[in-house]
Each structure stands twice: as structure tokens, then as C-alpha cells.
Amino acid sequence: KAEITARIDYQSNLVTELFDHMFYDHASLNVFWAGERRRDWDNLPFSEVASSICDQVYENAPIIRNELVNRKDVSPTGIAAVKKAVDTILKGTNELRGGLDGQGAEVSIFRSLFEDTGLFRKSGSPEFRMMQSPPGGTNDNSRLKPLWAHISKWSKDPNNSPSGNPAPFVRLLNELMAPPFGVKRGLALILIWSFIMGRRKEIALYDNGTYTTDWNVEDFDRYLKHPEFYSVQWFSSRSKIARAFAQLSNSIPDHKGLDKNYTNVSLAGFLGKLYSWYRRLPPYTTSTNTISEKSIALRRAIVSAIDPVELVFSRIPEAVGIPALENRKHYPPEVIREFSKTVDELDGTYIVLLNWITDQIYEVLGWGRSTEKMMIEFANMKDQVMNRISDPTMKSFIIRGKAKHDGQVKWLEAISSALSGQSPRFWNDHTKQDFLDRLKMFKIALGDANRRAYAAETASNERGLRILVESGDIVHEEVIST
């Protein structure tokens, strides 16, 4: 053991002496590079020679001036800051520096990764947004253009997606770490994610082979820890079928209530809008069985599909009553038409529920069919009547009916949740029956309260002899007419 240790020490000392000689006695060096004698480098300091070699080997290395992320393994502090910066972009920020302020690490990372690189900027719009690519020409101060072009080419290369399957990130990661890029592993992972964030309408993200419907910071965190689980698939927005996807997208209500008529949309862009719309639907809409079979089938297809291609070309057509599509370069108009009708039904299901609530109040209580007339009935209800209703649920029903709310929908939600115990947005089909039963009980309690209030008012107006009647421990007053 001692002999082996001595040999190791001897060889280590030789290496140290050689490097000392190279660094400090550079006048005696004969430099060769790529098989060629470089006499112009003989008298240069070795560090300068090494720098020149690196410039040639890693000629497309990006320039990211931030030591928190420009490293092989990003520290926990750096990861936490990157997650904050990424989270603001995933949530759709359009503010300068993503709305981040102060001197925190997330601010410096956002600036160096997204602002200084030109990835997050204004372009044809007064608002800031994540771009598909860095600025070209002399504006590409971070030299991201070659790297972005490589990632784009890699994503579209069918050789990286055997049999049409998503392309694993690990292959791309290894390419970015090798010449001519030489990006450190931690930074390479962040740059790949930055690329796909700017192309969410064209790229589908998969986690362990399962399509990720909504990218969030939790996905980013998992991706940093296990990039081998993730893969992507590129869907062009310029293909012939992109017009059909645009028509499908245009039939889905926008979250801001705006009608946008797209002309070309990729499959990933359509699915992004579809899932975003579906997540906004009230839980009642996603659970009720009082809708058509097509709506139930479409709902089931959206939540259970694993592969986006299968969803679009098989599950959606079948849901609306049309066989799966064999030709994936053509999307029949009848599928688009039936899909649009089904989406309209699902989107209006909650309004149908609110109209049902209005109808039940009209039929059970006999009040006006419109919400305006119902509000008047509540407003005219006397305190003497409400005070004679002892059930707290039914008393809450009256109190909320009398209260002011921001619009008729909010008012209906308030009074119906008083009787049912939860907002109608969260109802199911059984809750509707419970609401109807309690509404009938309220009718009985209201009738009884009206009679007692009327009797009390009549009694107070009568002239007669008032006597105290004692019955056990209870003493009450009775009026005997004279």
C-alpha cells in the first residue's frame, strides 16, 4: 500500500511540475493545435492559449452573466430563485421584469436569463411577453441565436422521435453540453425550458410519456431533478391541417370573453386552449349527467386522454358521434361543427342550472319568474315574518335574498348556497334535489311565519280583556274579545 501511494504521489508531482512549466515558463513551449504548429502562440501565456482554444472549440457558447445559474449543478438558492422567475412567465406576466422587484436573486436571474437575452421583451405589442427566439443580428448580445436554432432543429428532427414518439430531453441536453456549445448542465436545463416556454403553442410536453396539459412551476421543478422523465413533440402551425385546428380553437370561448379568429393553429396550440377552457368550467359542469351523451363523451375524452394525437384524431371525433379519423392530414367539417355544438352546450351548462334554480323558486314559492321580481319579494319581506322563522338555514336564505350583490348571477349563487350549504358551482345532481326539498320546506316555514305574524298583528289591533294564563312553567298573554 505504501509503495502504491508513493507512486501516485510521484506521478502527481510530475503532472504539477508539467503544468507549472506550461503556465510560468511559456517561453520554452512549442504549441501545437489541431495537428498544426502554432508558432504565434509559443510566447503567449498558457492561460491565453487555453482561452483561444476554448473560443474555437465552443464557438457557439451563449453568454449568460449570472454565476447562480451558469454552473454544472445549480444550488438550492439558485433553483428557488429560478423557479420564481419561471413561475411569473408560466402565469402569463406582461410586466417589466415579470413584475418582480427588489434586489433578490430571482430579479437578477430574470434579468440575465430573460431580459438581457431579449427572450422577454416587447415586439409588435405594448406589453412584455416571452418570445419564440432571441433578437437577431447585433442585438443578440447573449449569442443565443445558434443555440436556439439547434434546439429548434432538434425538436423538429424526426430522427429524434422514432415512430412518431416524443423526443427525450436527455439527448438534447448532452448535445448542448458538447462542442460547439459547451453549456454547463444546470444552465442547459434552464435554457431548454426557456425555449419551450416561448413555443407553448407548438410544443407538447410529456412527463413519463403522459401529455402534460398545463405546465406549471411544479413541472419545472420535477424537470430539473429528473430531465430523463421529460420529452417533447413539435406540432407545426403551418401545416395544412393547422386551419382546421384554428377552427376548433375559434369555437372555444376565450377566457377574457374576446372572440379571436385564428387562421393557423398547431395541435399543441389548440389543446392548450381546450384544456385552459376546460379548467375554467364550474365543477358542476364537469360532473353533472343532465347533459347530452356527446357532452359527457367529450368531457370524458378530455380528462382521460394520454396522447394528444389520439385525442384529436380519435377521441374527439368519436365523442361527437363520428368514427376515428384515418387520414390525419384532413379534418372533416362535420367534426368541427359537432365539436362546436358540444362545446357550446358544456359552456352553457352552468347557466342552465341557474335558470333551473330560478324556475324552481317560481314554481314552489309562486314568485315572479324573473330574478328582479324575486329580489322585490325578498326586499318586501317584513322583519316580523323573518323573526318568526327559527331555522338558521332558512333565515340565512332570507338575509342573503335581501342583501345587495354584484349582479344577478352572484345573487342567485348567494341565495341557493344558503339553502344547499355550498355554491351551485360545486353542486352535483343530488344537490339539486336537496335544494328543491329544502325550498319546499322553506315554503311551509314561510307560510307558517306569515300566519303567525298576521295573527300577532291582528291581536294587537283588537280591543279586549288581556289576561295572563299560566300553564306549567310558561306564562303567556291571551286576548279575549269583548
Side-chain angles (χ1 to χ4, degrees), residues 60-152 154-155 169 172-173 176-177 181-203 205 214-224 227 230 232 268 272:
N60 289 333
I63 301 173
I64 305 295
R65 293 182 173 88
N66 193 303
E67 291 303 316
L68 283 174
V69 295
N70 198 359
R71 52 200 306 177
K72 178 181 177 182
D73 297 306
V74 181
S75 68
T77 301
I79 289 177
V82 173
K83 285 168 61 177
K84 289 181 181 179
V86 167
D87 190 37
T88 61
I89 294 176
L90 290 176
K91 290 179 178 178
T93 181
N94 53 21
E95 300 180 57
L96 174 66
R97 203 151 296 138
L100 300 172
D101 53 21
Q103 302 298 322
E106 65 274 10
V107 177
S108 68
I109 286 176
F110 194 98
R111 184 188 298 115
S112 58
L113 277 177
F114 304 121
E115 284 192 353
D116 292 350
T117 59
L119 292 175
F120 188 79
R121 66 184 191 274
K122 295 179 180 180
S123 180
S125 169
E127 298 180 337
F128 287 90
R129 60 189 178 92
M130 194 69 179
M131 296 296 168
Q132 291 187 351
S133 60
T138 57
N139 293 323
D140 186 20
N141 298 322
S142 299
R143 300 201 313 191
L144 276 181
K145 204 73 175 178
L147 186 140
W148 242 239
H150 181 79
I151 298 176
S152 178
W154 182 92
S155 303
F169 273 132
L172 176 60
L173 180 62
L176 297 188
M177 292 166 59
F181 302 106
V183 184
K184 294 180 180 177
R185 184 179 184 278
L187 178 59
L189 287 170
I190 298 171
L191 291 177
I192 292 172
W193 189 271
S194 301
F195 175 88
I196 67 172
M197 279 198 302
R199 295 180 178 266
R200 295 182 70 176
K201 293 183 178 181
E202 295 181 319
I203 288 181
L205 180 68
D214 181 31
W215 310 358
N216 52 43
V217 72
E218 285 75 22
D219 288 305
F220 175 64
D221 185 41
R222 176 172 161 81
Y223 155 79
L224 289 177
Y230 284 83
V232 292

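A distance of 10.5 Å separates NZ in K83 from CG in N216, rounded to the nearest 0.5 Å. Note: D87 CG to F220 CZ = 10.5 Å, rounded to the nearest 0.5 Å.
Proximity of a side-chain donor or acceptor of T93 to a complementary backbone N or O of E95 within less than 3.5 Å is detected. Side chain of K145 to backbone of P135: no donor-acceptor contact under 3.5 angstrom is found. The main-chain N or O of S108 is found under 3.5 Å from a side-chain atom of S112 such that the two form a donor-acceptor pair. Put simply, the side chain of R185 never gets that close to the backbone of R71: no donor and acceptor are under 3.5 Å apart.
Paired with V74 under the rule side chain to side chain contact (heavy atoms under 4.5 Å, CB included), one option of I79, L68, L224 passes, and it is I79. Of the candidates N70, L187, N66, L187 is the only one forming a side chain to side chain contact (heavy atoms under 4.5 Å, CB included) with L113.
Contact record, N141 with I63: O-CD1, 4.1 Å, taken as the closest heavy-atom pair. Summarising the geometry of L119 relative to S133, their closest heavy-atom pair is CD2-C, 4.1 Å, with the distance given to 0.1 Å.
By the salt bridge (charged side-chain N to carboxylate O under 4.0 Å, His left out) test, K84 is found to be paired with no residue, residues two or more places apart in sequence or in another chain being considered.
Relative ring orientation between Y223 and Y230 is described as perpendicular, the plane-to-plane angle rising above 60° on a 0-90° scale split at 30° and 60°.
Between E115 and R121 there is no salt bridge, since no side-chain N of the basic residue sits under 4.0 Å from a carboxylate O of the acidic one. A salt bridge is defined here as a Lys NZ or Arg NE, NH1 or NH2 lying under 4.0 Å from an Asp or Glu carboxylate O, and D116 with R65 fails to meet this definition.
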